[in-house]
Enquirer: 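Mind looking over this structure? Questions follow.
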Number of protein chains: 4
Amino acid sequence: MQIRIVAGSNAALYKQIADQISRSIAAGELQVGQMLPSVRQLARELVINPNTVAKAYADLVQAGIVETQAAKGFFVSKRRQVYTKTERLRRLDESIQSLINQSLTLGFSADEVLDRVRELFGKVLRSLPDS
Amino acid sequence: MQIRIVAGSNAALYKQIADQISRSIAAGELQVGQMLPSVRQLARELVINPNTVAKAYADLVQAGIVETQAAKGFFVSKRRQVYTKTERLRRLDESIQSLINQSLTLGFSADEVLDRVRELFGKVLRSLPDS
Amino acid sequence: MQIRIVAGSNAALYKQIADQISRSIAAGELQVGQMLPSVRQLARELVINPNTVAKAYADLVQAGIVETQAAKGFFVSKRRQVYTKTERLRRLDESIQSLINQSLTLGFSADEVLDRVRELFGKVLRSLPDS
Amino acid sequence: MQIRIVAGSNAALYKQIADQISRSIAAGELQVGQMLPSVRQLARELVINPNTVAKAYADLVQAGIVETQAAKGFFVSKRRQVYTKTERLRRLDESIQSLINQSLTLGFSADEVLDRVRELFGKVLRSLPDS
DNA sequence: GTGGTCTAGACCACC
DNA sequence: GTGGTCTAGACCACA
């Protein structure tokens, strides 16, 4: 698995890491039960502080995507539903609202945004054979 | 012009203000050349810190959406598009990618997300006085 | 609200803080919408590092008990169900299993443990008038 | 004596081992004076690091549950209770408090928790060969 | 070696 | 002033 981080991005480093691992898992690139790179190792590779990697991993644990075995490492967990329907929708809506605000500010129409979302989503899904 | 700010939102106050003014202009509610409410007046209305309004206006100026005339106030600018087409798209894509990441993590399908974006977008547009 | 931390405890500092705030909220000592002590202030009071307080608060946010408003503070949120029934039970069972292991190691019988759980739970509930 | 360790458990391996030996003794499966499997043998059986088994045995010795006879091995001790009554209760209460905290955070009632403790405790006891 | 916790101190965005 | 992020470095429990 190859993780690339962009220093000058708006996105926090730990979020970039979490997102990419999340995708790798969805893509089946990381199998259930497989161990993630250790916190220290990934930190060395990316030349960032181990705490930053640890925070990314902690987020993935919270989302129920990976599990931790103390003194052993982090492992891809069996996918399970953690949040209630309401909570999932609440979180989705939050993200969508933020996109809508940005779209309006940038002067895009609903149709333009929808087309672009469809396009990018499709592109991502095609890169994730197993989902 | 009616500006509504939501305290409990994840969006920054100054961004909410800038977004809504931007929208009002796009909707034709605020005409080219028209003067915006003064920083102090708007701050009083919204019961927030004047610095926050000033920051919003500064951003709109920076975006070329409004112009400032020293000691007179802020006015809707004639020229709108400051961002190049590619720059606008880059920013939009950034927001969309963030939504896609969140959707994948929460386990929503592309169709579910698209439907919800359409729905919320419609709701927001209907809530704008005339567009 | 008065928070006391025990340095020599097995429980992590941040967990002690999270637990006590969680209880204060359940007790109605902290009302919905009320602001928690700021990270820095509480850290000063307890003479610990702000990061430790921040971690405690982050956990409470994750549990859906408090919300954060950037640059404003942390606030008691309206209680909502975040986790699925299955997930809640999974987490409860984990805690119970750990208690059972400890009980067996210490040589307590099921009845002794049950009585003690009942007793301590009652004591806690009596200290939480609003729940 | 059959020892089962669960890799994906949150309990430390050495604690699982110590707990199960402790249980077997309480259940009479291991008689006073009987010799425990050697550190190396048990480690081979469980396919884990001998250090982990050694740590478990050391804890049992420390607890007064087993005794070591130099160059011979580990034996079930005659005297069991090393912890004073108050010390045992203090440790039990600590575990119970932790369960109560988790229960309150998850929003379970005392009755729900008690029922579940009773159920899981029964299940564990039934899984012990003779008790 | 692994993760878990805590400290100290920095810089940023926002109000 | 507030929280959010990141770094650096320490010590611990565990395998």
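By convention in this document, chain letters (A, B, ...) are assigned in the order of the sequence lines, proteins followed by strands, and residues within each chain are numbered from 1.
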Enquirer: Given F:dC14, F:dG1, E:dG9, which nucleotide is nearest the side-chain atoms of C:N51?
Expert: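 My answer, after comparing the listed nucleotides, is E:dG9.
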Enquirer: Tell me: CG of C:N10 to P of F:dC12, nearest whole Å?
Expert: 15 Å
Enquirer: What is the distance from CE of C:M35 to C1' of F:dG3, rounded to the nearest Å?
Expert: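 Atom CE in C:M35 sits about 9 Å away from atom C1' in F:dG3.
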Enquirer: Using every non-hydrogen atom in the two residues, find where C:V82 and C:G64 come nearest and quote the distance to one decimal.
Expert: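 Looking at all heavy atoms of both residues, the shortest contact is CG2-CA, 3.9 Å.
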Enquirer: Do the side chain of D:T68 and the main chain of D:F74 share a donor and acceptor less than 3.5 angstrom apart?
Expert: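 Pair absent, no side-chain N/O of D:T68 close to backbone of D:F74.
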Enquirer: Both distances under 3.5 Å, Watson-Crick or G-U wobble: report the partner of E:dC14, or none.
Expert: F:dG1
Enquirer: Select one nucleotide: of E:dG3, F:dT5, F:dT2, the one nearest the side-chain heavy atoms of A:A12.
Expert: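 Nearest to the side-chain atoms of A:A12, counting from C-beta on, is F:dT5.
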Enquirer: Check this one for me: any side-chain N or O of A:K15 less than 4.0 Å away from OP1 or OP2 of F:dG4?
Expert: no
Enquirer: Does a side-chain N or O of A:S38 approach OP1 or OP2 of E:dG1 to a distance below 4.0 Å, or not?
Expert: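 Checking E:dG1 against A:S38, no side-chain N or O comes under 4.0 Å of OP1 or OP2.
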Enquirer: If the cut-off is 4.0 Å, is D:Y14 near the phosphate of F:dA15, judged by side-chain N/O to OP1 or OP2?
Expert: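 No.
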Enquirer: Would you indicate, yes or no, if E:dC15 has its OP1 or OP2 atom less than 4.0 angstrom from a side-chain nitrogen or oxygen of B:K55?
Expert: no
Enquirer: With no hydrogens and no angle check, just 3.5 Å: does a side-chain donor-acceptor pair link B:Q16 and B:Q20?
Expert: no
Enquirer: Ignoring hydrogens, what is the shortest heavy-atom contact between D:A43 and D:P50? Give both atom names and the distance.
Expert: CB-CA, 3.6 Å
Enquirer: Considering only side-chain heavy atoms of A:R40, which listed nucleotide, E:dT2, F:dT5, F:dA8, is closest?
Expert: E:dT2
Enquirer: Distance check needed: E:dC14 C1' versus B:D59 CG, whole Å only.
Expert: 12 Å
Enquirer: Let me know the distance between CG of D:L46 and C1' of F:dA15, rounded to the nearest Å.
Expert: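 The distance from CG of D:L46 to C1' of F:dA15 comes to 13 Å, rounded to the nearest Å.
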Enquirer: Closest to the C:T52 side chain: F:dC6, F:dG3, E:dT7?
Expert: E:dT7
Enquirer: Round to the nearest Å and state the distance from C:I5 atom CD1 to E:dC6 atom C1'.
Expert: 11 Å
Enquirer: On DNA chain F, does the nearest nucleotide to C:G73 precede the nearest nucleotide to A:I48 from the 5' side, or the other way round? Give the residue.
Expert: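 Per heavy-atom nearest nucleotide, the more 5' residue is C:G73.
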Enquirer: Contact class for C:L13 vs. all strands (heavy atom < 4.0 Å): base, sugar-phosphate, or nothing?
Expert: sugar-phosphate
Enquirer: Mark yes when over 12 heavy atoms from residues, nucleotides or ligands other than C:R90 sit less than 6.0 Å from its CZ; otherwise mark no.
Expert: yes
Enquirer: Pick the closest DNA chain F nucleotide for C:L36 and for A:N49 by heavy atoms, then say which residue is nearer the 5' end.
Expert: C:L36
Enquirer: Near D:R40 CZ, under 6.0 Å, is it more than 12 heavy atoms from other residues, nucleotides or ligands?
Expert: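 At most 12 heavy atoms, drawn from other residues, nucleotides or ligands, come within 6.0 Å of this atom.
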Enquirer: Can you tell me the distance, in whole Å, between the CG atom of C:L42 and the P atom of F:dG1?
Expert: 16 Å
Enquirer: Without decimals, in angstroms, what is the distance between C:K72 NZ and E:dA13 C1'?
Expert: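 Going from C:K72 (NZ) to E:dA13 (C1'), I get 14 Å.
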Enquirer: Using a cut-off of 4.0 Å on non-hydrogen atoms, how would the nucleic acid contact of C:F74 be classed: base, sugar-phosphate, or nothing?
Expert: sugar-phosphate
Enquirer: Which whole-number value in Å describes the distance from C:R44 CZ to F:dG3 C1'?
Expert: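 Distance check: C:R44 CZ to F:dG3 C1' gives 14 Å.
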